[in-house]
Amino acid sequence: MSCFAVIMAGGWGERFWPVSRVDRPKQLLRLTASGKTMLEEAVARVVPVVTAENVYIATSSALRGPIEAELGEIRLANLLVEPAKRNTAGAICWVLAHLMHLAADDDDHVVAFLTADHAITTEAQFQVTFGAAVELAMRTDGLVTIGIKPTRPETGYGYLQCETHDFQVSAPTFRVAKFHEKPTESLAESYLRDGGFLWNAGMFVGKVTSFLNELREHAPEAASRVAEIADALRINDVAGAEAAFCALPDISIDYLLMEKSGRVFCVEALFTWDDLGSWDALERAHEPDQNGNVLIGRSCAVDSNRNIVFNESGRAIVATLGVSDLVIVATDDAILVTDKRQSQNVRKVARQVHADTVSA
């Protein structure tokens with residue numbers, strides 16, 4: 001039995017504008033105290049439990065160059081470049097087809113689809129959780145997701161409604177009764193009180209055969225496309241593989257498969273986790289000063305409280321005086337100033353700036 005780890009590293013650079021751009025999304029940023037990019041961290045924490053040659057990165061054609069530049073030690077064969085944007089369902093189908101081709105002699109190989117842009121600071125606990133998810137996938141022939149115990153009524157995450165089901169592995173396990181999309185604040189509060197809900201971390205583990213069987217049952221058209229891609233790859237028909245991929249729907253794997261399957265199980269994470277979904281999340285990833293300011297890069301805060309300053313400019317210093325609860329981000333060509341409460345809406349600015357640039 002072989003185990004493959006696939007780090008999903010597609011996506012667009014909007015939520016951390018102006019530092020993130022189309023060719024530099026969150027996974028290529030240094031947002032944590034480690035000083036590494038999010039993608040570097042993702043690779044480093046999985047290599048101790050999966051042999052390096054079995055670690056793959058799934059990404060878009062637009063990001064191939066930047067990722068190769070960032071991770072020079074990753075063999076080019078370990079990059080699975082999707083020919084078009086098809087969300088997480090497309091990424092997973094593309095990978096499954098390649099594994100059908102690359103590991104055709106092993107019917108029981110397990111694949112873990114992992115995120116490239118989440119902050120996980122306790123690597124040893126991640127590795128224990130990972131091992132439990134692999135074991136559970138092998139014992140149940142089901143699909144396994146990793147859930148995070150909520151610490152607040154978060155409205156920016158999806159939730160897993162869990163039923164007790166102890167499979168006696170090295171982490172708490174459950175059967176997933178239902179997937180819930182991002183809730184309202186009152187609903188998120190009720191989930192927190194209930195105690196039977198976990199955050200959906202967007203990581204999935206299972207045998208390749210299990211993923212294929214579930215696709216055949218719940219998404220037969222997508223399963224057919226996976227078979228077409230694999231068949232084309234076997235005869236080196238790149239154009240045929242890409243055409244079959246482009247016929248896939250642009251949809252998340254949750255919508256395509258996970259929410260429909262009755263064989264989804266969950267391992268509760270033993271590690272600390274943060275999605276780092278917007279600039280205000282840096283308050284959880286960095287130690288603030290005595291006035292609650294998070295200051296990254298050349299910056300100075302005078303009579304200022306609870307601000308986040310991220311200065312990537314090589315030429316300027318960012319100074320604040322008498323202000324509170326702001327996010328200030330500076331690069332060599334752009335500056336963002338916003339109320340922290342508007343952090344989730346930064347993508348609106350990114351899209352507007354992009355539209356203005358294109359029309360100029």
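Under the 3.5 Å distance criterion, with hydrogens and angles disregarded, no donor-acceptor pair is assigned to the side chains of Glu82 and Ser60. Asn345 and Gln342 are linked by a side-chain donor-acceptor pair at a separation below 3.5 angstrom, with hydrogens and angles left out of the test. Under 3.5 Å, the side chains of Asn200 and Asp254 contain a donor-acceptor pair of N or O atoms. Using modelled atom types and a 3.5 Å distance limit, the side chains of Ser304 and Thr320 yield a donor-acceptor pair. Checked by atom type, the side-chain pair Thr115/Asp117 shows no donor-acceptor distance below 3.5 Å.
Under the rule for a side chain to side chain donor-acceptor pair (under 3.5 Å), Asn291 has no partner lying at least two apart in sequence or in another chain. In this structure Trp273 satisfies the side chain to side chain donor-acceptor pair (under 3.5 Å) test together with His118, sequence neighbours excluded. A search for side-chain contact (heavy atoms from CB on, under 4.5 Å) contacts involving Asp194 returns Phe197, not counting sequence neighbours. Under the side chain to side chain donor-acceptor pair (under 3.5 Å) criterion, Gln352 pairs with Asp356, not counting sequence neighbours. Residues satisfying the side-chain contact (heavy atoms from CB on, under 4.5 Å) test with Glu221, not counting sequence neighbours, are none. Residues passing the salt bridge (Lys or Arg N to Asp or Glu O under 4.0 Å) test with Glu228, sequence neighbours excluded: Arg225. For Asn311, there are no side chain to side chain donor-acceptor pair (under 3.5 Å) partners, not counting sequence neighbours.
Under a hydrophobic clustering in which Ile, Leu, Val, Met, Phe, Trp and Tyr are joined whenever their side-chain heavy atoms come within less than 4.5 Å, directly or via other members, Leu270 and Leu114 fall into different clusters. Note on Leu187 and Ile148: same hydrophobic cluster, where clusters join Ile, Leu, Val, Met, Phe, Trp and Tyr whose side-chain heavy atoms are under 4.5 Å apart, directly or indirectly. Linking Ile, Leu, Val, Met, Phe, Trp and Tyr residues whenever their side-chain heavy atoms come within less than 4.5 Å leaves Leu136 and Val128 in two separate clusters.
For the ring pair (Phe, Tyr, Trp, His ring centres under 6.0 Å) condition, the pairs that include at least one residue of residues 203-229, sequence neighbours left out, are Phe113-Phe211. Screening residues 226-267 for ring pair (Phe, Tyr, Trp, His ring centres under 6.0 Å), with sequence neighbours left out, gives Trp94-Phe245, Phe167-Phe265. Residue pairs meeting the ring pair (Phe, Tyr, Trp, His ring centres under 6.0 Å) criterion with at least one member in residues 7-39, sequence neighbours excluded, are Phe16-Trp279. Residue pairs meeting the salt bridge (charged side-chain N to carboxylate O under 4.0 Å, His left out) criterion with at least one member in residues 278-300, sequence neighbours excluded: Asp274-Arg284, Glu283-Lys340.
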Stepwise side chain to side chain donor-acceptor pair (under 3.5 Å) test for Thr272 and Thr121:
CA-CA 6 Å; Thr272 57; Thr121 55; 2.6 Å; yes
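Just one of Val6, Asn54, Val55 meets the side-chain contact (heavy atoms from CB on, under 4.5 Å) condition when paired with Val46; it is Val55.
Between Glu312 and Arg24 there is a salt bridge, since at least one side-chain N of the basic residue sits less than 4.0 Å from a carboxylate O of the acidic one. Comment: Arg351 engages Glu14 in a salt bridge, judged by a side-chain N to carboxylate O separation of less than 4.0 angstrom.
The hydrophobic cluster of Leu192 has no other members, since no ILVMFWY side-chain heavy atom comes under 4.5 Å of it.
Centroid-to-centroid, the aromatic rings of His180 and Tyr191 come within less than 6.0 Å.
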